[in-house]
Amino acid sequence: MKLNGEKIAKYALMTVAFSALASLLLIAVFIFKEGLPFMLKVGVKDFLLASDWDPQAGKYGIYPMIIASLYVTFGAMLIGAPLGVAGAIFLNEFVPKQVMRVVKPTIELLAGIPSVVFGFLGVMVLAPFIRTHMGGPGLSVLAAAVILGIMVLPTVISISSDAIGAVPNSYREGALALGATRWQSVYMVTIKAARSGIIASIILAMGRALGETMAVIMVAGNTVKIPHSVTDPVRTLTANIALEMANATGMAREALFATGIVLFVVIMILNGIALSVIKTKVRKK
Amino acid sequence: MTTRKPIKISVRELRVFQGKEEGLRGVNLAIPANQILGIIGPAGAGKTTFLRALNRLNDLSPDTHVEGETLLDGQDIYHPSFDVVALRKRVGMLFALPVALPMSIFENVVYGPRLSGVRNRKRLDEIVERSLKAAFLWDEVKDRLPMSGLRLSGGQQQRLCLARVLAMEELEVILLDEPCSGLDPISTAKIEEALTILKAKYTIILVTNNTKQAARVADDTAFFLNGEMVEYGPTGKIFTVPDDKRTNDYVTGKFG
Amino acid sequence: MKISPKITQAVAVTLLGAATLLTVAVLVFIIIFVLGKGLPWVDWEFLFSAPKEMGRAGGIFPTLVGTVLLPLMAIAIALPLGVGTAVYLTEYTRETRFTRILRFGTDCLAGIPSILFGLFGFIFFVITLKMGWCLLSGGLTLAIMVLPTIIRTSEEAIRSVPNSYREVSFSLGATRWETVLKVVLPNALPGIVTGVMLGIGRSIGETAAVIFTAGSALRMPMSAFDSVRTMSVHFYILAREGISNEKAYATAAVLVISVLLVNLAAYSMMHRFIARRSR
């Protein structure tokens with residue numbers, strides 16, 4: 001009887017263990033089911049590369065949104081990646097352990113600040129600043145990039161810092177013993193050894209920036225237009241989905257799910273790269 | 001040889017593979033009931049592997065594989081129909097390092113009985129008292145049974161572990177894997193004294209890297225080397241006039 | 001001209017230090033700014049009274065209730081699934097192709113942006129299962145979202161339980177499941193709770209996934225099938241529709257404090273857990 005209970009427990013747990021994978025598949029299936037027929041009807045090429053988005057007029061081109069998402073995401077990485085990696089290096093290599101032990105959790109704690117709060121600050125503080133000093137409406141590519149750049153900092157710092165922390169001390173000591181300065185040992189040995197973790201942190205942060213919605217809606221301005229300057233307002237893929245979801249029905253809603261497919265695929269590719277970068281590193285060890 | 005007692009455990013051509021390594025290379029041994037068998041030998045001789053084969057703890061390591069025959073009261077414990085849970089209740093084990101579970105002294109002792117379905121509070125109390133007394137720990141802890149077992153000293157923890165094994169009502173065989181390796185002389189003496197009393201009721205197999213301990217408490221002694229059993233006989237003979245030169249070298253301290 | 005390594009080092013360290021300082025300063029500024037602007041408007045009445053005129057006046061009580069209920073519902077669903085998965089992966093199976101696929105699924109799920117959870121929750125729970133915008137739809141959606149966090153932290157916690165505990169339990173005649181229940185889970189509990197806290201923190205701050213699944217009705221939910229508005233969603237609506245900056249700041253302050261407290265609890269729990277393990 002006891003062994004029966006044991007079997008039940010085992011199979012129950014095995015079933016439960018599928019929950020994450022099953023959820024992932026369910027999400028993929030439902031988003032594709034809603035969006036793919038539409039995408040095929042409009043034509044994948046027209047959907048991705050046409051520049052007119054006007055669901056009421058039956059125009060469903062998301063090209064401006066794709067460009068906007070790319071600009072905003074790369075802009076965010078230009079800000080977030082160097083600052084984050086620099087922070088991770090500094091905290092791991094040039095600061096007493098006690099300081100690191102306080103600052104790193106503080107930064108990770110801040111990862112919990114809701115994205116809407118970041119967005120709101122973008123509206124209240126950053127956008128007016130850009131409007132006065134650089135012209136344009138303020139709500140813009142630049143504002144979105146800065147806000148997202150700040151938002152991804154905890155991700156970049158936390159993961160790169162783990163990677164740097166995992167570099168064996170003997171590497172550093174080896175370099176220092178050869179007469180390298182602290183910085184040379186960091187630059188030539190530590191960063192090289194932690195490279196894959198740092199890259200993974202940047203790719204994961206890219207995924208976060210690309211997928212972020214609420215903060216972007218609040219600060220990017222949401223105009224469907226290919227931007228010509230960093231002070232132009234734009235609408236990203238995520239913003240497009242969230243803005244029109246409330247009222248969309250029929251074809252228009254399907255178009256939003258098709259937009260979701262694009263987002264899903266790109267993010268899966270980014271995550272896949274990040275995961276395999278981390279995995280190959282682990283295997284090498 | 002003295003009058004032989006009935007055979008409790010009989011092992012024939014026991015081989016244990018751990019991954020590609022052969023931890024035991026065909027051990028043959030008949031272990032009589034109600035006495036203490038000492039197993040001596042240098043590190044890596046296969047003593048622990050042998051012990052863990054007797055209550056099938058080796059099953060837990062995924063790439064371990066066992067061949068040969070291991071009979072407990074004439075029944076093959078590796079036969080598919082043999083209930084491994086029941087086996088472990090009959091064949092208890094004391095590990096090298098004392099592992100008190102992070103729960104109270106009381107709960108540590110009744111861990112086994114509770115699994116066997118004993119619920120009655122009075123009976124559990126009796127079990128705790130009987131087991132702790134048999135492990136020579138009762139006087140030291142009787143007033144603080146609700147205290148965490150982790151707060152006992154190492155020597156006390158090992159006796160708590162012994163009591164925990166003794167609490168199992170189905171217990172017939174006690175396996176001890178270098179139980180005193182980390183203990184002070186007083187705790188060691190207490191455990192040894194407990195064992196010499198307990199052998200009246202149980203069959204005891206004591207793996208030790210301390211040859212003096214085997215000489216003190218074991219009735220029979222087996223000498224293991226490189227996964228093989230080199231020699232087996234009454235303790236007095238093994239320590240004075242062993243048949244094998246390697247045994248002689250080991251017990252006289254030439255290696256090991 | 002060759003620059004001496006010493007000077008390079010001085011420049012590099014200064015730049016790195018400045019970058020770190022900037023990072024910390026910006027993040028700290030955000031907290032101080034929000035609290036400074038918001039806290040003066042927060043009092044008991046604000047917390048515990050109903051909103052008036054769409055939130056232009058009055059308090060945030062229903063959204064406070066929503067902010068408690070929704071994450072709790074998400075955790076109630078995700079906890080057994082997540083811990084069960086972790087137990088299976090650690091105690092019941094070896095590393096195989098199968099477990100690698102399961103792990104890959106978990107990792108991928110963790111990377112999905114919340115807007116896609118919102119889309120999925122909307123089309124699946126709200127529309128296909130006809131549950132409508134409600135506490136349950138939102139709870140289920142958030143449960144899927146926090147599932148990877150719970151799986152990972154639980155797995156880590158379970159792995160940190162010393163193997164000797166399991167051996168002792170087995171040697172005393174416990175089955176695998178008994179060992180899980182009596183030894184493994186109790187000792188992994190602080191780590192599991194850390195995961196739960198992180199999941200709650202994430203749920204409290206979430207907006208995109210919530211607004212499309214739990215809706216945004218500004219009233220007290222009476223059942224699992226009522227729509228709720230959480231503080232995050234309320235704050236988003238206040239800020240985005242320009243209803244009231246004062247109320248928005250005040251709500252943001254309460255929101256930020258709640259999330260920080262929950263995360264702080266999670267981290268201190270984790271650190272105590274690690275400290276105990278390494279002892």
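The sequence lines fix the lettering, A, B, ..., with proteins before strands; numbering per chain opens at 1.
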Asks: Can you tell me if CH2 on A:W183 sees more than 12 non-hydrogen neighbours from other groups inside 6.0 Å?
Replies: yes

Asks: Side chain, backbone, both or neither: which part of C:I151 has a non-hydrogen atom closer than 4.5 Å to chain A?
Replies: side chain

Asks: So for atom CZ, which belongs to A:F129, do other residues, nucleotides or ligands contribute more than 12 heavy atoms lying within a distance under 6.0 Å?
Replies: no

Asks: Identify which of C:L15, C:V262, C:V28, C:I112 forms the greatest number of heavy-atom pairs closer than 4.5 Å to chain A.
Replies: C:I112

Asks: Specify which of C:A266, C:G205, C:P148, C:A10 makes the most heavy-atom pairs with chain A at under 4.5 Å.
Replies: C:G205

Asks: Answer yes or no: is there a side-chain heavy-atom contact under 4.5 Å between A:F90 and C:V13?
Replies: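 In short, these two side chains touch, coming nearer than 4.5 Å.
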
Asks: Show your reasoning for whether ring pair (Phe, Tyr, Trp, His ring centres under 6.0 Å) applies to C:Y88 and A:Y11.
Replies: CA-CA 9 Å; C:Y88 182 76; A:Y11 289 115; 9.2 Å; no

Asks: Is it true that C:F98 and A:F18 have ring centroids separated by less than 6.0 Å?
Replies: yes

Asks: Between C:T175 and A:E6 (side chain of the first, backbone of the second, donor and acceptor by atom type, cut-off under 3.5 Å), is there such a pair?
Replies: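 The answer is no, because no donor-acceptor pair under 3.5 Å joins these two groups.
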
Asks: Contact part of A:V103 toward chain C, heavy-atom cut-off under 4.5 Å: side chain, backbone, both or neither?
Replies: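 Side chain of A:V103 only, per the 4.5 Å heavy-atom cut-off to chain C.
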
Asks: To the nearest 0.5 Å, what is the distance between CZ on A:F118 and CD1 on C:I30?
Replies: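 If we round to the nearest 0.5 Å, A:F118:CZ and C:I30:CD1 are 4.5 Å apart.
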
Asks: Please determine whether the number of non-hydrogen atoms from other residues, nucleotides or ligands lying under 6.0 Å from atom CD of A:Q184 exceeds 12.
Replies: yes

Asks: To the nearest 0.5 angstrom, please state how far the NZ atom of A:K33 sits from the CD1 atom of C:I123.
Replies: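 Spacing of NZ (A:K33) from CD1 (C:I123) equals 6.5 Å.
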
Asks: To the nearest 0.5 Å, how far apart are CZ in C:F33 and CG in A:L121?
Replies: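 Reported value, rounded in 0.5 Å steps: 6.0 Å.
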
Asks: Decide if atom OH of A:Y187 counts as having more than 12 heavy atoms of other residues, nucleotides or ligands within a radius under 6.0 Å.
Replies: no

Asks: Please classify the contact between C:T128 and chain A as side chain, backbone, both or neither, with a heavy-atom cut-off of under 4.5 Å.
Replies: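 Answer is side chain: those atoms of C:T128 sit under 4.5 Å from chain A.
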
Asks: Can you find a heavy atom in the side chain of C:W177 that is under 4.5 Å from one in the side chain of A:K10?
Replies: no

Asks: If you compare all heavy atoms of A:I113 against all heavy atoms of C:V259, which two are closest, and at what distance to 0.1 Å?
Replies: N-CG1, 4.5 Å

Asks: Taking side-chain contact (heavy atoms from CB on, under 4.5 Å) as the criterion, tell me which of A:L21, A:I267, A:I27, A:L24 meets it with C:C108.
Replies: A:L24

Asks: Checking A:R208 against chain C: side chain, backbone, both or neither under 4.5 Å from a heavy atom?
Replies: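 The answer is neither part of A:R208.
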
Asks: Heavy-atom distances under 4.5 Å only: say whether C:I101 touches chain A with side chain, backbone, both or neither.
Replies: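 For C:I101, heavy atoms of backbone and side chain both lie under 4.5 Å from chain A.
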
Asks: Answer yes if the ring centres of C:Y249 and A:F120 are under 6.0 angstrom apart, and no otherwise.
Replies: yes

Asks: Looking at A:V123, A:L210, A:I241, which one has more heavy-atom pairs under 4.5 Å with chain C than the rest?
Replies: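 Looking at each option in turn, the highest pair count goes to A:I241.
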
Asks: To the closest 0.5 Å, what do you measure between CZ (A:F30) and CZ (C:F120)?
Replies: 6.5 Å

Asks: Report which part of A:F264 has an atom under 4.5 Å of a heavy atom belonging to chain C: side chain, backbone, both, or neither.
Replies: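 Both backbone and side chain.
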
Asks: If I compare all heavy atoms of C:T106 with all of A:A20, which pair ends up nearest, and what's the gap?
Replies: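 For C:T106 versus A:A20, the nearest heavy atoms are OG1-CB, 3.7 Å.
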
Asks: Donor-acceptor pair, C:Q9 side chain versus A:R182 backbone, under 3.5 Å?
Replies: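 Yes: the side chain of C:Q9 pairs with the backbone of A:R182.
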
Asks: Let's go through A:N271 and C:D107 carefully: what are the C-alpha distance in whole Å and the side-chain angles of both, what is the deciding distance for side chain to side chain contact (heavy atoms under 4.5 Å, CB included) to 0.1 Å, and is it a yes or a no?
Replies: CA-CA 8 Å; A:N271 286 338; C:D107 288 341; over 6 Å; no

Asks: In terms of heavy-atom pairs under 4.5 Å, which option from A:T213, A:I89, A:L270, A:I31 contacts chain C the most?
Replies: A:T213

Asks: I'd like to know whether A:M214 forms a side chain to side chain contact (heavy atoms under 4.5 Å, CB included) with C:I115, so could you lay out the CA-CA distance, the side-chain angles of the two residues, the decisive distance to 0.1 Å, and finally the verdict.
Replies: CA-CA 9 Å; A:M214 299 326 251; C:I115 182 74; 5.9 Å; no

Asks: Is the closest side-chain heavy-atom distance between A:T106 and C:V24 below 4.5 Å?
Replies: no

Asks: Chain C heavy atoms under 4.5 Å from A:E93: which part of the residue, side chain, backbone, both or neither?
Replies: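 When you check distances to chain C, no heavy atom of A:E93 falls under 4.5 Å.
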
Asks: For C:Y92, does the OH atom have more than 12 heavy-atom neighbours from other residues, nucleotides or ligands under 6.0 Å away?
Replies: yes

Asks: Check each atom of A:L25 against the heavy atoms of chain C and say whether the ones under 4.5 Å are side chain, backbone, both or neither.
Replies: neither

Asks: Among C:I31, C:L89, C:L102, which has the most heavy-atom pairs under 4.5 Å with chain A?
Replies: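 Sorted descending by pairs with chain A, the first entry is C:L102.
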
Asks: Are the side chains of A:R253 and C:I127 in touch, meaning some heavy atoms are under 4.5 Å apart?
Replies: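 Answer yes - side chains close enough.
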
Asks: What part of A:V125 is in contact with chain C, defined as an atom under 4.5 angstrom from a non-hydrogen atom: side chain, backbone, both or neither?
Replies: side chain

Asks: What closest approach, in Å, do A:A86 and C:T20 show between heavy atoms, and which atom pair accounts for it?
Replies: O-OG1, 4.0 Å

Asks: Please find the pair of heavy atoms, one from C:P113 and one from A:L263, that lie closest to each other, and give the distance.
Replies: CG-CD2, 4.4 Å

Asks: Tell me, out of A:A9, A:S19, A:G211, who's got the most heavy-atom pairs with chain C below 4.5 Å.
Replies: A:S19

Asks: Heavy-atom distance under 4.5 Å to chain A: side chain of C:L116, backbone, both or neither?
Replies: both

Asks: State, to 0.1 Å, how close C:P5 and A:T181 come at their nearest heavy-atom pair, and which atoms those are.
Replies: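 Minimum heavy-atom contact is CB-CG2, 3.8 Å.
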
Asks: With heavy-atom distances below 4.5 Å as the criterion, would you say the side chains of C:E91 and A:L13 are in contact?
Replies: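 Side chain of C:E91 against side chain of A:L13, heavy atoms only: no contact under 4.5 Å found.
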
Asks: What part of C:L109 gets within 4.5 angstrom of chain A, counting heavy atoms only: side chain, backbone, both, or neither?
Replies: both

Asks: With a 4.5 angstrom heavy-atom cut-off, is it the side chain or the backbone of A:M268 that approaches chain C, or both, or neither?
Replies: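 Looking at A:M268, just its side chain touches chain C.
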
Asks: If I compare all heavy atoms of A:I217 with all of C:Y236, which pair ends up nearest, and what's the gap?
Replies: CG2-OH, 3.6 Å

Asks: Select one option (side chain, backbone, both, neither) describing which atoms of C:R202 are under 4.5 Å from chain A's heavy atoms.
Replies: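 For C:R202, neither part sits under 4.5 Å from chain A.
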
Asks: Does the pair C:V26 and A:L153 meet the rule for a side chain to side chain contact (heavy atoms under 4.5 Å, CB included), with working shown?
Replies: CA-CA 10 Å; C:V26 166; A:L153 278 173; 5.7 Å; no

Asks: Side chains of A:M245 and C:L119: closer than 4.5 Å at any heavy-atom pair?
Replies: yes

